[in-house]
Structure formats: structure tokens, C-alpha cells
Protein chains: 2
Amino acid sequence: MSKQAAPLTVIDLNADAPCCPPLAQRRVPAETAAVLAPAFKALGDPVRLQLMSMIASAEGGEACVCDLTPAFDLTGPTISHHLKALREADLVDAERRGTWVYYRARPGILRQLAALLTVEPVES
Amino acid sequence: MSKQAAPLTVIDLNADAPCCPPLAQRRVPAETAAVLAPAFKALGDPVRLQLMSMIASAEGGEACVCDLTPAFDLTGPTISHHLKALREADLVDAERRGTWVYYRARPGILRQLAALLTVEPVES
DNA sequence: TGCCTGTCTTGACGTCTGTCTAAGCAGAGA
DNA sequence: TCTCTGCTTAGACAGACGTCAAGACAGGCA
């Protein structure tokens with residue numbers, strides 16, 4: 001994976017308002033695709049999708065790694081690796097408080113992705 | 001993988017109504033994650049994200065491979081490979097009419113994915 | 001301070017992915 | 001029937017990914 005961080009910051013993934021029109025309305029430009037595809041890719045693993053959901057739906061808006069790990073038949077390092085992938089895709093934030101590390105979802109980018117996938121309701 | 005794909009058809013990817021509550025509302029079960037993650041994975045490549053958008057936003061609701069291929073600096077077989085990935089993720093349908101092959105988006109699964117990512121609007 | 005607990009990082013290994021070239025298949029037209 | 005065009009499949013290769021074991025690091029507690 002080559003670098004792609006320089007001029008692509010045009011798209012603010014943390015904004016609350018959708019950055020882009022729905023995918024089905026107008027063709028997604030290459031720059032937008034390059035920025036958003038990694039987020040979809042991060043969600044493209046069943047373990048990470050569940051992790052994302054556990055974090056986003058946790059009470060208080062945050063989840064402790066100590067609660068996430070036992071939910072899977074995977075070793076700690078593997079969960080840590082998946083969490084890192086979610087972090088690098090800007091889907092979650094991590095914060096260490098004492099012994100434990102807490103993860104918190106970033107709703108902004110989730111909104112971007114949801115907006116991109118929006119389709120008009122069925123006409124019948 | 002020792003699963004036999006039998007009971008996973010509980011989730012109808014082509015239904016128009018969302019199959020599942022938003023990811024941030026309730027924890028996504030493993031079965032649901034296993035079904036939906038491949039769709040996110042398919043969208044997790046910039047080329048496929050653009051292809052998906054070109055197909056979904058095409059007039060008439062369908063796009064010819066002959067129009068898709070020249071839009072990228074990639075060979076025909078590579079585009080064909082990506083289209084196959086979208087097909088296998090149930091994101092698009094293909095139909096041959098005479099010399100050309102036309103691709104059409106399946107809005108149902110896009111709605112499922114969008115619904116899963118839905119987050120409550122910002123409270124301010 | 002020293003030990004214990006909990007998490008992250010590193011390195012390794014096998015598998016999967018993205019891309020290409022070459023070959024195969026399906027229709028259309030002469 | 002032959003040939004041309006358009007798309008897909010097959011095979012190969014480099015690089016990325018998912019997983020684990022082992023070691024490193026950070027904070028709490030006696």
C-alpha cells in the first residue's frame with residue numbers, strides 16, 4: 001500500500017454532514033473512492049464488523065478491550081490487530097485509562113459511509 | 001470452514017426492508033456479520049467502489065462493460081475480475097444482450113448495508 | 001521498589017488479493 | 001462457415017492480510 005495521505009484531506013471524514021452524494025446518484029470520483037474504500041475494507045471482515053458493532057452499541061459509547069476479547073475465539077493479539085485496523089481506518093478512537101484501553105466509535109465516518117450507500121426508497 | 005451455509009439464508013439480502021437494526025443500536029450477531037461482511041469487503045477496493053457507483057448511477061440503471069473498462073487504467077481482465085467480485089457479493093447482476101454485457105445494481109443489499117451503518121443524527 | 005495483570009508490538013508463516021498475459025468462449029456480420 | 005469483436009477464465013506472480021507465539025510496555029498494588 002503506497003502513501004495516500006497528502007492532498008486527499010479534502011474530504012473530512014469526521015464531519016457530521018455527508019461529504020458526498022449517494023453512490024447511486026453520481027459517480028464517485030477516484031479521490032473519494034481512495035479515501036472511503038479503506039473504511040469499507042476495514043468493515044469487510046466479520047470479526048471487525050462485530051467489533052465495530054460492539055463498540056458503537058456499547059453503553060456509555062465506549063467498550064473496553066477486556067470486554068471485546070472474550071467474545072471471540074481468537075487470541076488477544078489478533079483482536080488487537082483487528083482493532084488497530086479499525087483505528088487506522090478512522091472508524092474508532094482508542095484511549096488508555098489506567099490498566100485498560102477503551103475504544104469509542106467515530107459516528108462521523110459512519111454517517112459518510114451510510115450516506116454514500118443511500119438508495120431511494122422502493123417505488124411501488 | 002466447516003459451516004454448510006444452510007441456515008444463513010435467514011437473512012434476505014434482496015429484501016427491500018432493512019433486515020437488521022443499525023450496527024450502533026444492537027450488537028451484530030456472528031451470522032449476520034458473516035453474511036454482510038463480504039459485501040463491505042467487495043466495496044473495500046477503490047476500483048470496485050467506483051465500478052459500483054458507475055453502475056448504480058448509470059442512466060437506465062445499467063452500464064455496459066464497454067463503458068466501464070475505458071474509465072480505468074487497467075486491463076479488461078482486471079475489470080472483469082473486479083466485476084466478478086461485485087457479482088459474487090450479490091451487489092450487481094449481469095446480463096448479456098447480443099455482443100455486450102450489461103451490469104445492473106441490486107438496490108436491496110445496498111439498503112441493508114446503509115441501514116446497518118445508520119447513526120442517529122447529531123444532537124446540538 | 002518489585003511483582004502482577006492487561007494490552008500492544010514484533011516477527012513469522014500460510015493464505016488471499018490485485019494485476020498481468022495468454023487462451024477460450026459467445027454473438028454478429030460477411 | 002469464417003472472422004472479428006467483446007468479455008470471461010486460467011495461470012502466474014508480487015504484495016497484502018489474518019493468525020499466532022513470544023517479548024515489550026504501562027499501570028496498579030503490596
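By convention in this document, chain letters (A, B, ...) are assigned in the order of the sequence lines, proteins followed by strands, and residues within each chain are numbered from 1. Computation of the quantities below employed the complete heavy-atom set of this structure, encompassing side-chain atoms and omitting hydrogens, waters and symmetry-equivalent molecules. Keep in mind it's a predicted model, so treat the numbers as computed, not measured.
Across C:dT7, C:dC16, D:dG18, the shortest atom-to-atom separation from the side chain of B:K41 is found for C:dC16. Of the candidates D:dT19, C:dT7, C:dT19, C:dT19 carries the atom nearest the B:H82 side chain, counting heavy atoms from C-beta on.
Proximity of B:Y103 to the phosphate of D:dC7: no side-chain N or O atom is located under 4.0 Å from OP1 or OP2. Look at B:R96 and you won't find any side-chain N or O under 4.0 angstrom from OP1 or OP2 of D:dG6. Within the structure, every side-chain polar atom (N or O) of B:T75 is placed at least 4.0 Å from both OP1 and OP2 of C:dT19.
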Q: Output, in order, the C-alpha distance, side-chain angles, deciding distance and verdict of side chain to side chain contact (heavy atoms under 4.5 Å, CB included) for A:H82 and A:F72.
A: CA-CA 12 Å; A:H82 283 304; A:F72 301 88; over 6 Å; no
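Using modelled atom types, one side-chain atom of A:T69 and one backbone atom of A:V65 make a donor-acceptor pair closer than 3.5 Å. With hydrogens and angles ignored, the 3.5 Å screen pairs no side-chain donor or acceptor of A:R104 with any backbone N or O of A:R106. In this structure, the side chain of B:S57 engages the main chain of B:S53 through a donor-acceptor pair within 3.5 Å.
Residue B:F72 contributes atom CZ, which lies 15 Å from atom C1' of C:dT19 at whole-angstrom precision. In this structure, A:R97 atom CZ and C:dT5 atom P are separated by 23 Å, rounded to whole Å. Protein atom CD of B:E88 is 9 Å distant from nucleotide atom P of D:dT9, rounded to whole Å. For the pair B:L51 CG and C:dG18 C1', the computed distance is 13 Å after rounding to whole Å. Between the NZ atom of B:K84 and the P atom of D:dT8 there is a distance of 10 Å, given to the nearest Å. Distance, B:L83 CG to C:dT19 C1': 15 Å, rounded to whole Å. One interatomic measurement links the two molecules: CH2 of B:W100 to C1' of C:dG29, which rounds to 12 Å at whole-angstrom precision. One interatomic measurement links the two molecules: NE2 of B:H81 to C1' of D:dC13, which rounds to 14 Å at whole-angstrom precision.
B:L117 is listed as a side-chain neighbour of A:L43, based on a closest heavy-atom distance under 4.5 Å.
Nucleotides of DNA chain D nearest to A:P77 and B:V65 differ in position, and the one nearer the 5' end is that of B:V65. Of the residues near DNA chain D, B:S80 and A:G44, the one whose nearest nucleotide (by heavy atom distance) lies more toward the 5' end is B:S80.
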